[in-house]
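To start, the structure under review is shown below, and the notes come after it.
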Amino acid sequence: MPVPSSSQPQEHDFSAGTDYGAFVVDVLSRMTRSTGRIDQIVLRRCIGLASSYLVTDVTMHAEGGVNSWRAGFNRLVDVMVALHARQELEIETVNTASQACSECWTVAGSWREMDECREGVKGVATRLKGLLDANGKTYRGQAIYAP
């Protein structure tokens, strides 16, 4: 097999960057279009991917990765807030979101380049805390995940 010459341009196969914001919009739109409702099992799966998308969005798309990740996570919390207002938010979904915040906080603290992501995690965590009971430790009387 011939070795490519360094003077010749080489073709590289780069993977397209990920976009948590676009992924979330796609999943939510397909879900509501097909059933007309929010399936919280699917919602929890999307939330559970937050830390993975944090890594891939930021590392594969340096310019817009933080914003796409933040947009996706915040859209999911928007849905949670709406479900809460309708008295439909499940404790498992709150637990999944709390765990996702914890995982994202850890991931964002692992690389200096992700320091600004911690602000996004704080924003999401603050919004989620607003859904909790007055004691800040339970949701509708049930204990929630706390790291």
Side-chain angles (χ1 to χ4, degrees), residues 4 9-147:
Q10 297 179 19
E11 290 184 33
H12 296 281
D13 290 332
F14 291 107
S15 297
T18 60
D19 186 328
Y20 194 38
F23 167 76
V24 167
V25 168
D26 181 56
V27 170
L28 292 175
S29 66
R30 280 189 288 132
M31 181 188 332
T32 56
R33 189 172 35 243
S34 66
T35 66
R37 64 177 195 76
I38 298 295
D39 181 339
Q40 290 193 54
I41 293 171
V42 175
L43 181 64
R44 288 191 290 271
R45 287 184 185 145
C46 289
I47 293 167
L49 292 172
S51 62
S52 296
Y53 269 97
L54 172 58
V55 172
T56 58
D57 280 13
V58 172
T59 58
M60 296 178 76
H61 185 55
E63 269 85 62
V66 172
N67 291 332
S68 66
W69 169 78
R70 190 178 297 188
F73 209 0
N74 276 293
R75 281 188 185 104
L76 293 169
V77 174
D78 291 343
V79 172
M80 291 179 63
V81 169
L83 290 169
H84 171 76
R86 294 176 6 190
Q87 304 292 309
E88 296 175 8
L89 183 60
E90 298 170 1
I91 185 71
E92 295 88 357
T93 305
V94 177
N95 279 325
T96 300
S98 179
Q99 184 172 359
C101 281
S102 177
E103 291 171 359
C104 289
W105 184 263
T106 301
V107 168
S110 298
W111 291 281
R112 271 191 304 269
E113 297 80 15
M114 292 188 182
D115 281 346
E116 72 178 284
C117 297
R118 282 196 159 185
E119 291 303 315
V121 177
K122 281 183 193 177
V124 165
T126 299
R127 292 180 66 203
L128 292 173
K129 193 162 180 91
L131 303 178
L132 301 181
D133 299 336
N135 65 16
K137 298 177 189 241
T138 59
Y139 182 73
R140 295 192 179 144
Q142 296 184 36
I144 58 151
Y145 173 87

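- For the pair Y20 and S52, the minimum side-chain heavy-atom distance is 4.5 Å or more.
- Checked for salt-bridge contact, D133 and K137 miss the test: no charged N lies under 4.0 Å from a carboxylate O.
- Across every non-hydrogen atom of C117 and V66, the tightest pair is SG-CG2, 3.8 Å.
- Of the possible polar contacts, none joining the R70 side chain to the E119 backbone as a donor-acceptor pair under 3.5 Å is found.
- Taking CG of L83 as the start and CG of D78 as the end, the distance is 11.0 Å to the nearest 0.5 Å.
- Note that CD1 of I144 and OG of S98 are 4.5 Å apart. Values are rounded to the nearest 0.5 Å.
- You'll find the side chain of V58 stays beyond 4.5 Å of the side chain of W111, heavy atoms only.
- Panel note: side chain S110, backbone T106; a donor-acceptor pair is recorded below 3.5 Å.
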* Let me see the working for V81 and R127 under side chain to side chain contact (heavy atoms under 4.5 Å, CB included), right down to the final yes or no. => CA-CA 8 Å; V81 169; R127 292 180 66 203; 4.1 Å; yes
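- The side-chain heavy atoms of V121 and E103, taken from C-beta on, include no pair separated by under 4.5 Å.
- In terms of modelled atom types and a separation under 3.5 Å, the side chain of W105 and the main chain of R118 share no donor-acceptor contact.
- Considering every non-hydrogen atom in both S51 and V107, the closest pair reads CB-CG2, 4.1 Å.
- Under the 4.5 Å side-chain criterion, counting only non-hydrogen atoms from C-beta, V24 is not in contact with V79.
- In this structure, CG in L49 is found 11.0 Å from CZ in F73, a value given to the nearest 0.5 Å.
- The CH2 atom of W69 sits 8.0 Å away from atom CG of N74, with the distance rounded to the nearest 0.5 Å.
- A donor-acceptor pair is defined here as one N or O able to donate and one able to accept, closer than 3.5 Å; no such pair exists between the side chain of T35 and the backbone of T32.
- A pairwise comparison of heavy atoms in Q87 and R140 identifies CA-NH2, 3.1 Å as the closest pair.
- Looking only at side-chain heavy atoms (C-beta outward), L76 and L43 come within less than 4.5 Å of each other.
- Residues I47 and M80 are in side-chain contact: their nearest non-hydrogen atoms beyond the backbone lie under 4.5 Å apart.
- Relative orientation of the Y53 and F23 rings is parallel, given thresholds of 30° and 60° on the angle between their planes.
- Q99 and R44 share no side-chain donor-acceptor pair at under 3.5 Å.
- In this structure, Q40 contributes its side chain and E90 its backbone to a donor-acceptor pair below 3.5 Å.
- The shortest side-chain heavy-atom distance between D57 and N67 does not fall under the 4.5 Å cut-off.
- The nearest pair of heavy atoms linking D26 to S29 is O-OG, 3.0 Å.
- Atom CG of L54 and atom SG of C104 lie 5.5 Å apart (nearest 0.5 Å).
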* Go through L89 and L131 one step at a time and tell me if the side chain to side chain contact (heavy atoms under 4.5 Å, CB included) criterion holds. => CA-CA 10 Å; L89 183 60; L131 303 178; 3.9 Å; yes
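- Scanning all heavy atoms of the two residues, the minimum distance from T96 to G48 falls at CG2-N, 4.1 Å.
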